[in-house]
Participant: 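Quick one: structure below, then a few questions.
For the single chain, residues carry numbers from 1 onward in sequence order. All ligand and atom numbering here is 1-based and tracks the order in the structure.
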Amino acid sequence: MKFGGALMGNASGIERVRELIEEYSCEPLVVVVSALGKTTNALEQLVMLSQDGKDMEIDFLKVKQFHLNITHDLMPQLTNELSTCLDNLFDELWDALNIKYADRYEAYDNIVSIGENLSSCIIFHYLVSFGLNANLISAKNLIVTDSNFTDASIDWEYTSKTINARIIPALENNKVVITQGFIGADKFGKSTTLGREGSDFTTAVLGNLLDADEVTIWKNVPGVMNADPARFPNAVKLDSLSYHEAIELAYYGASVIHPKTIQPLKQKNIPLFVRSYYDSSLPPTSITNDVSNDGAHPSIIVKDNQVLLSISTLNLSFIAEENLKQIFDAFSKNKIHINLMQNSAVSFSVCFNEEPVKLKDFLNDLREDFALKYNTGLQLITVRHYNYELVDELIGNRKIYLTQKSRITVQLLVKREDERYKF
Ligand code: ASP
Ligand code: MG
């Protein structure tokens with residue numbers, strides 16, 4: 001099972017996590033945790049400060065204090081072991097921020113991965129303080145990846161070996177295994193990460209390699225919803241969906257599960273349950289091979305902070321395979337994932353998430369050979385199993401920058417509108 005940062009932003013959130021772990025601990029159990037609250041964002045901010053040579057102390061101390069406050073709320077009597085573990089991690093973070101790296105993506109992974117190490121250290125000691133028979137196994141010793149920093153790929157063969165050697169014996173000794181999501185190490189032992197929100201994927205990898213009976217992702221919503229309830233008050237929970245439908249929803253940006261999560265589970269036919277962590281007795285969303293419920297409700301996925309970039313040739317010659325190759329190379333080199341694309345005779349339009357760190361370099365790579373125009377602050381709305389009435393209602397009278405439609409899915413890129421929708 002996996003617990004995300006949103007559930008663990010304060011001590012009472014972590015208390016609830018402990019109750020759930022206790023509830024399920026009578027069977028062999030592996031628990032994957034991500035960083036507490038919005039720690040990963042805070043660490044990303046520190047990465048940027050460090051790369052810009054700016055002062056990091058205030059932000060560093062905020063991260064430190066946040067973790068210390070939660071720890072004190074959970075365990076007013078800190079054990080020596082826990083305070084040593086935390087002190088070491090804070091030192092490691094400060095050092096990681098001040099090293100000169102050859103590769104800035106390597107720097108990112110080395111710094112950001114400490115968020116998960118902090119959370120797992122706190123949660124592990126907290127569980128032990130309640131008498132739980134737990135074992136903390138570092139994901140750096142489990143998840144073996146290539147060296148593609150910030151978006152590393154799993155080395156399945158090695159990872160399978162480490163899991164057999166480390167997790168299986170712990171489970172056989174009736175230990176609850178705690179490990180970190182999102183992070184791993186390459187074969188040189190350098191920290192790597194699997195892409196933002198990658199803890200779900202870690203959980204699926206472990207589920208696959210352990211032949212788990214089931215995988216559960218705990219959420220602060222009742223399950224997979226057909227829209228984000230914070231934006232759409234009438235959103236409903238989907239009782240079941242197929243692996244295929246879940247992959248599509250995740251791919252288009254339904255933030256409830258990471259897109260890579262489904263494939264390893266589908267491969268072994270392991271059911272994925274998305275459950276409310278407030279109430280474990282509520283029926284979850286079950287994700288299995290069963291397709292019978294897939295079109296039951298239209299699903300709406302809204303992605304903010306989209307950039308629309310229009311790339312044209314300088315002399316108005318056609319955009320053809322050669323130019324496209326160069327453009328895609330720039331995307332791949334700068335690790336920017338395309339959300340939507342469309343081409344005309346002389347221009348190629350692409351929509352992607354706005355990531356300031358990457359955008360500048362990316363534009364520089366193309367500027368010499370192409371005319372670039374871009375809009376930022378756009379919103380990408382995807383509707384699966386759409387109907388036109390709903391689409392009209394969602395768009396209102398906003399300007400549409402780009403549309404793409406298939407039989408099941410429609411995607412529209414529009415100006416952001418800060419008001420809440422109702423549907
Ligand atoms: N902590 C990481 C993130 O926020 C990984 C995760 O939450 O799954 O992206
Ligand atoms: Mg997270």
Side-chain angles (χ1 to χ4, degrees), residues 1-10 13-14 17 30-48 59 62-63 66-67 70 89 92-93 96 105 107-124 138-140 142-143 145 148-154 178-185 191-207 215-221 224 228 246 250-251 253-265 272 274-275 277 303-305 335-337 353-358:
M1 55 177 59
K2 174 245 165 175
F3 296 95
L7 312 179
M8 307 187 294
N10 54 38
I14 299 176
V17 166
V30 177
V31 176
V32 174
V33 294
S34 70
L36 302 185
K38 295 199 186 302
T39 300
T40 307
N41 292 356
L43 293 171
E44 274 191 349
Q45 182 63 29
L46 274 165
V47 171
M48 283 208 269
D59 287 66
K62 268 194 212 155
V63 170
F66 171 73
H67 286 89
I70 289 189
L89 287 168
E92 195 184 311
L93 175 56
Y105 296 112
Y108 177 101
D109 282 0
N110 202 33
I111 295 164
V112 166
S113 59
I114 294 173
E116 268 67 14
N117 288 326
L118 283 164
S119 67
S120 55
C121 162
I122 295 169
I123 291 164
F124 168 71
S138 169
K140 279 188 78 171
L142 288 176
I143 303 292
T145 70
N148 184 17
F149 298 108
T150 74
D151 193 19
S153 297
I154 305 287
I178 315 291
T179 190
Q180 305 88 8
F182 175 56
I183 70 175
S191 295
T192 55
T193 64
L194 306 175
R196 286 301 308 264
E197 307 302 329
S199 299
D200 295 351
F201 180 49
T202 303
T203 315
V205 170
L206 296 176
V215 166
T216 294
I217 295 179
W218 296 98
K219 284 275 161 187
N220 55 9
V221 286
V224 178
D228 176 1
Y251 170 80
S255 57
V256 70
I257 20 183
H258 188 282
K260 291 187 198 161
T261 312
I262 303 298
Q263 194 273 338
L265 300 176
L272 172 62
V274 182
R275 285 181 184 277
Y277 106 129
K303 276 186 154 195
D304 285 321
N305 300 324
K335 306 189 189 209
I336 295 180
H337 168 75
N353 300 355
E354 188 173 351
E355 294 172 274
V357 185
K358 298 177 177 174

Participant: Please state whether Ala35 comes within less than 4.0 angstrom of ligand 1, counting heavy atoms only.
Facilitator: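 Checking ligand 1 against Ala35, which is what was asked, there is a heavy-atom contact under 4.0 Å.
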Participant: Give the atom numbers and elements of ligand 1 that come within less than 4.0 Å of a heavy atom of Phe182.
Facilitator: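 Once the distances to Phe182 are compared, the set is 2 (C), 5 (C).
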Participant: Atoms of ligand 1 less than 4.0 Å from Arg196 heavy atoms?
Facilitator: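 Numbered from 1, ligand 1 contributes 3 (C), 4 (O), 9 (O).
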Participant: In chain order, what residues pass the side chain to side chain contact (heavy atoms under 4.5 Å, CB included) check against Thr39, with sequence neighbours excluded?
Facilitator: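 Applying side chain to side chain contact (heavy atoms under 4.5 Å, CB included) to Thr39 gives Ala35, Leu36, Leu43, Phe66, His67.
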Participant: What part of Ser34, side chain from CB on, backbone N/CA/C/O, both or neither, has a heavy atom under 4.0 Å from ligand 1?
Facilitator: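 Under 4.0 Å from ligand 1, Ser34 contributes side-chain atoms alone.
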Participant: Just say parallel, tilted or perpendicular for the rings of Phe201 and His258, cut-offs at 30° and 60°.
Facilitator: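 Parallel.
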Participant: In the structure I gave you, are the side-chain heavy atoms of Ile217 and Arg275 within less than 4.5 Å of one another anywhere?
Facilitator: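 Counting from C-beta outward, Ile217 and Arg275 never come under 4.5 Å.
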Participant: Nearest heavy atom to atom 2 (C) of ligand 1 wins, so pick from Ile217, Leu36, Val33, Thr40.
Facilitator: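 It is Thr40 that holds the nearest heavy atom.
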Participant: Using the ring of Tyr277 (Phe, Tyr or Trp, six-membered ring only), decide whether Lys219 places NZ or CZ under 6.0 Å from its centre and within 45 degrees of its axis.
Facilitator: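 No cation-pi geometry.
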Participant: Can you name the residues that form a side chain to side chain contact (heavy atoms under 4.5 Å, CB included) with Thr203, not counting sequence neighbours?
Facilitator: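 So Thr203 forms a side chain to side chain contact (heavy atoms under 4.5 Å, CB included) with Lys2, Val32, Val215.
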Participant: Can you tell which of Asn148, Thr145, Asp109 makes a side chain to side chain donor-acceptor pair (under 3.5 Å) with Thr192?
Facilitator: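 Of Asn148, Thr145, Asp109, side chain to side chain donor-acceptor pair (under 3.5 Å) with Thr192 is met by Thr145 alone.
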Participant: Consider every N or O of Glu116 and every N or O of ligand 1, then say whether any pair is closer than 3.5 Å.
Facilitator: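 There is such a contact, yes.
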Participant: With nothing but distance in play, are any N or O atoms of Asp200 less than 3.5 Å from an N or O of ligand 1?
Facilitator: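 No, since none of the N or O atoms of Asp200 sits under 3.5 Å from an N or O of ligand 1.
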Participant: Does ligand 1 have an atom under 4.0 Å from some heavy atom of Gly198?
Facilitator: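 Flag set, Gly198 near ligand 1.
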